[in-house]
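None of the values given here were measured: they were computed from a predicted structure.
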Number of protein chains: 2
Amino acid sequence: MFNYEQYCTRMNKKQDVPKPLPWDNPRFKNWVAMMRAEKAVGRALSRALAPLDLKIAQLDAMINLYRHPGQSQHDLARRLLVGRSNITMLLPQLETQGLLRREGDRKDKRVMRLYLTDEGEKKLMQALEVYTALIDRVLNQSTPEQCDMMGDMMRRITEMLKED
Amino acid sequence: MFNYEQYCTRMNKKQDVPKPLPWDNPRFKNWVAMMRAEKAVGRALSRALAPLDLKIAQLDAMINLYRHPGQSQHDLARRLLVGRSNITMLLPQLETQGLLRREGDRKDKRVMRLYLTDEGEKKLMQALEVYTALIDRVLNQSTPEQCDMMGDMMRRITEMLKED
DNA sequence: ACAATATTGTTCATAGTTGAACATTTTTTT
DNA sequence: AAAAAAATGTTCAACTATGAACAATATTGT
């Protein structure tokens, strides 16, 4: 349990009453650092993907579609942690570029099965090259073991918030 | 330098030509895990802040304003890694709630100096309690040392992308 | 079989984000 | 001092994200 009073870094000048700032809380402080890094990399990736005419959201979707071909829009939405309407708006962009194929499920007329086209896979490979190059660059001072440890932390978090 | 052919996890059934998937690249794989965790926590935080009538972007701004009182909108934009127009649109929300005070700089008539009001600081403390409670919960299986190590990785990344 | 409930994907209104163009003011150059 | 360049904050148009309401289809309970 987090103890609110425990992490006080500044004093109120007027009354010397502690101003609680959780900046000494290692979990909080480092989480904030992570948010910043994620944002910075996101901006860099965004620019790096521009020549391929791809947005990050589109790339995320394509990565998922490659790993789980034939999944429904509902499945994809859950994996990407977005709403279904988001997927509805996202897919036409990929479809008109010929990167994606949608087939109505035969048994269940409500669901659409999603597949990358060959062209989609080719584009994905180009994008992954850009993506991995960027990640390798920014993480090249960190060992694979450190990355694994960080990834384990993150997977535990995702698992813990799974129910929501 | 990233070696494209090094990370191949799946074979193409038709031709047995390796399909390059960087899933075995520890840096890439764990980065993706981080993106997911960050999104999951973001959604949880968003809901947790709703009773306080605060958005995450607003909280981020308030945290920065608390740590760097009197900074300009330009400074705030750079710290938050967003454009200046974003700040222009964000601040009125805080100002009309009485959480923020803007003063024109005396020497430079272009810049606005930003300060949290007392009410703003009070609201911030409430929000931080919610925030730290969530972070402590999702990271409570990770030791402070692990969190510090992760934070160091992240600060190196942010530093590396500073120039952009 | 029939009604009630749940699921899937779409639509729509609202709100958030972005970058370019702009007005104002300051700094630098000539 | 005058002109050119840069910095700061605003406006605007385009794009993206979100959740609620909805239509169509499936599943469950009686």
Worksheet item: In whole angstrom, what separates L49(A)'s CG from dC15(D)'s C1'?
Response: 17 Å
Discussion item. Using the side-chain heavy atoms of D108(A), tell me which of these nucleotides is nearest: dG16(C), dT8(D), dA26(D).
Written reply: dA26(D)
Worksheet item: Contact class for R102(A) vs. all strands (heavy atom < 4.0 Å): base, sugar-phosphate, or nothing?
Response: sugar-phosphate
Fill in: Min side-chain heavy-atom separation V111(A)-H74(A) under 4.5 Å
no
Worksheet item: Between Q58(A) and R106(A), which is nearer to the 5' end of DNA chain D once each is assigned its nearest nucleotide?
Response: Q58(A)
Discussion item. Nearest whole Å is fine: how far is dA24(D) C1' from H74(A) NE2?
Written reply: 16 Å
Worksheet item: For the pair made of CZ in R84(B) and P in dA23(C), what is the distance, rounded to whole Å?
Response: 15 Å
Practice prompt. Please tell me which of S72(A) and R43(A) maps to the more 5' nucleotide of DNA chain C, matching each residue to the nucleotide holding its nearest heavy atom.
Written response: S72(A)
Worksheet item: Is the backbone of R113(A) close enough, under 3.5 Å, to the side chain of S72(A) for a donor and an acceptor to pair up by distance?
Response: no
Worksheet item: Counting only distance, no hydrogens or angles, is the base of dT7(C) paired donor-acceptor with the side chain of R110(A) under 3.5 Å?
Response: yes
Worksheet item: Donor-acceptor pair, R36(A) side chain versus T158(B) backbone, under 3.5 Å?
Response: no
Discussion item. So does L52(A) get a backbone contact from the side chain of K123(A), meaning a donor-acceptor N/O pair under 3.5 Å?
Written reply: yes
Item to complete: State which of dT17(C), dT18(D), dT18(C) makes the closest approach to the side chain of V82(B).
Response: dT18(C)
Worksheet item: Would you say dT8(C) has OP1 or OP2 under 4.0 Å from some side-chain N or O of K109(A)?
Response: no
Discussion item. Does dT16(D) have OP1 or OP2 under 4.0 Å away from a side-chain N or O of Q93(A)?
Written reply: yes
Discussion item. Whole angstroms only, please: what is the CG-C1' distance between L90(A) and dT18(D)?
Written reply: 14 Å
Fill in: Nearest-angstrom distance from the residue atom CE of M89(A) to C1' of dT14(C)
12 Å
Worksheet item: Does the Q93(A) side chain pair with the main chain of K55(A), one donor and one acceptor, at a distance under 3.5 Å?
Response: no
Worksheet item: Roughly how many Å is it from NZ in K55(A) to P in dA14(D), rounded to a whole number?
Response: 14 Å
Worksheet item: Quick one: is dT10(C) close enough that its OP1 or OP2 comes under 4.0 Å of any side-chain N or O from Q73(A)?
Response: yes
Practice prompt. Measure the distance from CG on L76(B) to C1' on dT10(D) and round it to the nearest whole Å.
Written response: 16 Å
Discussion item. Looking at the base of dG19(C), is there any donor atom on it, or on the side chain of S85(B), that sits under 3.5 Å from an acceptor on the other one?
Written reply: yes
Practice prompt. Whole angstrom is fine here: how far is it from CG in D60(B) over to P in dT17(C)?
Written response: 10 Å
